[in-house]
Amino acid sequence: MNNHYQLLVIGGGPAGLAAATTAAERGVTCALLDEQPTPGGQIYRAIEAIPEQRAKLLGPEYLRGRKLVNEFRQSAAEYFPETQVWSIDKEHQAGLLHNHQAHFITADQIIIASGAMERPVPFPGWTLPGVMQAGAGQILFKSAGIVPDNGVVLAGSGPLLLLLAWQYLHAGVEIRVLLDVTPFANHLQALPELPRALLAYRYLSKGIAYQLELKRAGIPIMFGVSDLTAEGNERLQRVRFSHAGKRKSIVSELLLTHFGVIPHIWLTQAAGCKHRWDNSQQCWRPELDDWGNTDIEGILVAGDGAGIYGARAAEHAGRLAGLQVLSALNVISRQERDQLSRKDRKRLHEERHIRPFLEAYFHLPDNLLATPGNDTIVCRCEEVTAGQIREAVAAGHENSNQVKFFTRCGMGPCQGRQCANAVAHIVADARGKSVAETGLFRGRPPVSPLTLGQLAQLPKKGTA
Amino acid sequence: MFKQLPADETEIIGIVFNGKALQAPKGISVAAAILSRNPDHTRTTPVTGSKRLPFCMMGVCYECLMVIDGQANRRACATYVEEGMRIETQLGVGPALALEGGGSE
Ligand code: FES
């Protein structure tokens with residue numbers, strides 16, 4: 001690894017791969033850093049080594065990743081797997097952890113392609129062993145061929161839940177029930193967005209086909225579910241929920257939940273980039289121009305880390321960011337950049353047709369996000385409850401950051417990744433304000449914990 | 001809770017979990033290798049000692065912190081099995097307080 005590159009790309013999913021390939025093809029020195037051992041990101045995880053049979057179970061959309069990864073492998077971009085980035089600053093210096101060693105490198109341009117994470121939604125019992133996120137189930141399946149053994153309950157809202165159910169069905173997993181918490185009112189709300197969504201009928205028809213196949217296979221699906229609760233003594237034993245006006249329960253040792261995905265913004269935050277609250281996507285996202293430029297010169301964001309549009313859109317956004325970097329480095333002119341970007345810009349626009357519909361259809365109800373019971377743990381690390389957060393507000397703490405210092409909520413190892421959104425919602429609700437006003441935890445490097453030993457190895461900043 | 005689907009031609013390596021020798025397919029994460037053995041927990045929390053298992057499997061929740069090759073607070077979902085690796089359940093903050101910085105301004 002050199003100390004300096006013209007371009008640093010962070011994240012090895014579709015956006016990062018496309019960006020790095022685009023830039024490296026034109027001779028730009030480029031390093032791509034990723035936490036995973038192989039390229040592909042969460043969506044195309046383990047795509048190179050996966051046994052053929054398992055790949056088939058994951059569906060055709062997954063196999064698309066092969067081309068992207070091959071092109072990247074053939075490019076001159078340097079690839080550093082199992083590498084964590086724990087800081088980025090305005091001077092384009094990135095702090096990394098590679099082979100257990102912490103060091104700094106610099107770059108003329110940085111593209112952050114950190115992707116998405118599952119939206120964490122606190123509900124009673126969500127910390128019990130046996131409760132996991134649906135994405136976790138999918139990662140275990142893709143990367144290790146590990147699937148539920150003794151039945152599973154799937155609960156939540158969003159396309160991934162349906163996809164996972166479909167994949168499990170084909171892998172012979174017993175799905176006890178699929179609990180859909182999408183409110184019925186959403187159907188009506190989403191209707192005005194349907195005409196545009198029809199332009200992306202591929203996504204719609206796939207969703208409908210999955211649902212029909214699950215029904216035909218006899219998988220029970222319950223719609224309009226609420227008040228999800230995980231119960232058990234030291235581990236999950238039973239899932240309780242409300243459905244059709246009744247309280248019901250089902251025995252299960254595994255519950256996988258999904259409440260949509262949100263951009264992973266911890267690096268853009270640490271860098272000090274400007275973010276805004278997006279009401280439709282119900283998440284914070286960095287403010288960008290059409291090329292992916294943040295408000296800090298030379299720092300760009302591409303893919304789902306910039307806002308949720310899916311894997312195909314990420315690929316196009318990655319290429320656009322790559323072209324922008326080429327023009328910023330004077331490798332191509334602005335005119336060339338505009339010309340070369342036409343196809344990707346058009347495709348990106350087409351990929352986005354489905355989004356307003358999906359966002360309205362799967363919009364999570366406020367009572368799910370903002371009103372967990374006082375006993376419900378919100379901060380999994382420091383075990384801070386919703387009640388303690390409300391007490392902090394009642395004591396005069398007005399925003400997320402004040403609540404954090406008062407309660408330690410968000411100060412554990414995950415640094416608020418799991419509770420930041422929930423805290424903002426709860427504080428906003430308690431104060432009768434908007435989430436945008438209550439704000440997000442301030443991010444501060446290192447965004448992932450370093451050991452004292454690793455810190456001690458670091459040269460003084462700027463001398464690396 | 002979980003099982004491993006039969007896989008073709010995967011190289012198998014040896015790891016040690018809480019003193020017991022186990023086999024695992026090369027290249028999978030420590031969290032995946034341990035979850036396929038259905039432990040009842042992989043760590044206990046420092047605050048109340050409650051039991052936890054990995055939650056997100058993608059490196060963001062820090063629920064999978066374990067003691068790996070003697071080093072505490074390593075994310076089992078972002079660490080990959082290697083021949084002879086020693087993996088232990090992490091109790092509370094683990095054998096040595098190794099967390100530093102971040103989120104505590
Ligand atoms: S399981 Fe979430 S960080 Fe490892």
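Note that this is a predicted model, so its numbers are computed, not measured.
- Atom CG of residue A/Leu254 and atom CG of residue B/Leu53 lie 10.0 Å apart, to the nearest 0.5 angstrom.
- Side-chain atoms of A/Glu118 do not come within 3.5 Å of backbone N or O of B/Cys56 as any donor-acceptor pair.
- For chain B, the nearby parts of A/Glu382 are the backbone and the side chain; heavy atoms of each come within less than 4.5 Å.
- For the pair B/Arg52 (side chain) and A/Arg380 (backbone), a donor-acceptor distance under 3.5 Å is present.
- Only the backbone of A/Ala116 comes within contact range of chain B, with at least one heavy atom under 4.5 Å from a heavy atom of that chain.
- Between A/Leu140 atom CG and B/Ser29 atom OG the span is 7.0 Å, to the nearest 0.5 Å.
- Contact of A/Gln84 with chain B is made through the side chain alone, with heavy-atom distances under 4.5 Å.
- Annotation: the span from B/Glu63 atom CD to A/Cys414 atom SG amounts to 8.0 Å, rounded to 0.5 Å.
- Each ring-ring contact (aromatic ring centres under 6.0 Å, His included) pair with one or both residues in residues 42-77 of chain B, not counting sequence neighbours, appears once here: A/Trp126-B/Phe55.
- One finds the OG atom of B/Ser50 at 6.0 Å from the CD1 atom of A/Ile377 (value rounded to the nearest 0.5 Å).
- Most heavy-atom pairs under 4.5 Å with chain B: of the set A/Gln36, A/Gln454, A/Gln138, A/Gln42, this distinction falls to A/Gln42.
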Practice task
May I have the step-by-step check of side-chain contact (heavy atoms from CB on, under 4.5 Å) for B/Asp40 and A/Glu234, ending in yes or no?
Solution key: CA-CA 8 Å; B/Asp40 57 43; A/Glu234 298 212 314; over 6 Å; no
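- A/Gly130 and B/Met1 make their closest contact through CA-SD, 3.8 Å (heavy atoms, listed as atom of the first residue, atom of the second, distance).
- Within the 3.5 Å criterion, the main-chain N or O of A/Ile146 finds no donor-acceptor partner in the side chain of B/Gln4.
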Exercise for the section: Please lay out, stage by stage, how B/Arg74 and A/His100 fare under the test side-chain contact (heavy atoms from CB on, under 4.5 Å). Expected result: CA-CA 11 Å; B/Arg74 290 187 60 186; A/His100 306 299; 3.1 Å; yes
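- Both the backbone and the side chain of A/Thr127 come within contact range of chain B, with heavy atoms under 4.5 Å apart.
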Problem - Intermediate values then yes/no, side-chain contact (heavy atoms from CB on, under 4.5 Å), B/Leu5 and A/Phe141 - result: CA-CA 9 Å; B/Leu5 292 173; A/Phe141 191 5; 3.7 Å; yes
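- Between A/Glu35 and B/Arg75 there is a salt bridge, with a side-chain nitrogen of the basic residue lying less than 4.0 Å from a carboxylate oxygen of the acidic one.
- More than 12 non-hydrogen atoms from other residues, nucleotides or ligands lie less than 6.0 angstrom from CD of A/Gln402.
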Handout entry: Residues A/Arg235, B/Lys51; criterion side-chain contact (heavy atoms from CB on, under 4.5 Å); working and verdict
Key = CA-CA 8 Å; A/Arg235 62 164 308 120; B/Lys51 293 176 177 169; over 6 Å; no
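- The side-chain heavy atoms of B/Phe2 and A/Met132, taken from C-beta on, include a pair separated by under 4.5 Å.
- The environment of CD in B/Gln23 is sparse: at most 12 heavy-atom neighbours from other residues, nucleotides or ligands sit within 6.0 Å.
- If you tally non-hydrogen atom pairs under 4.5 Å between each of A/Ile139, A/Val147, A/Asn150 and chain B, the highest count goes to A/Val147.
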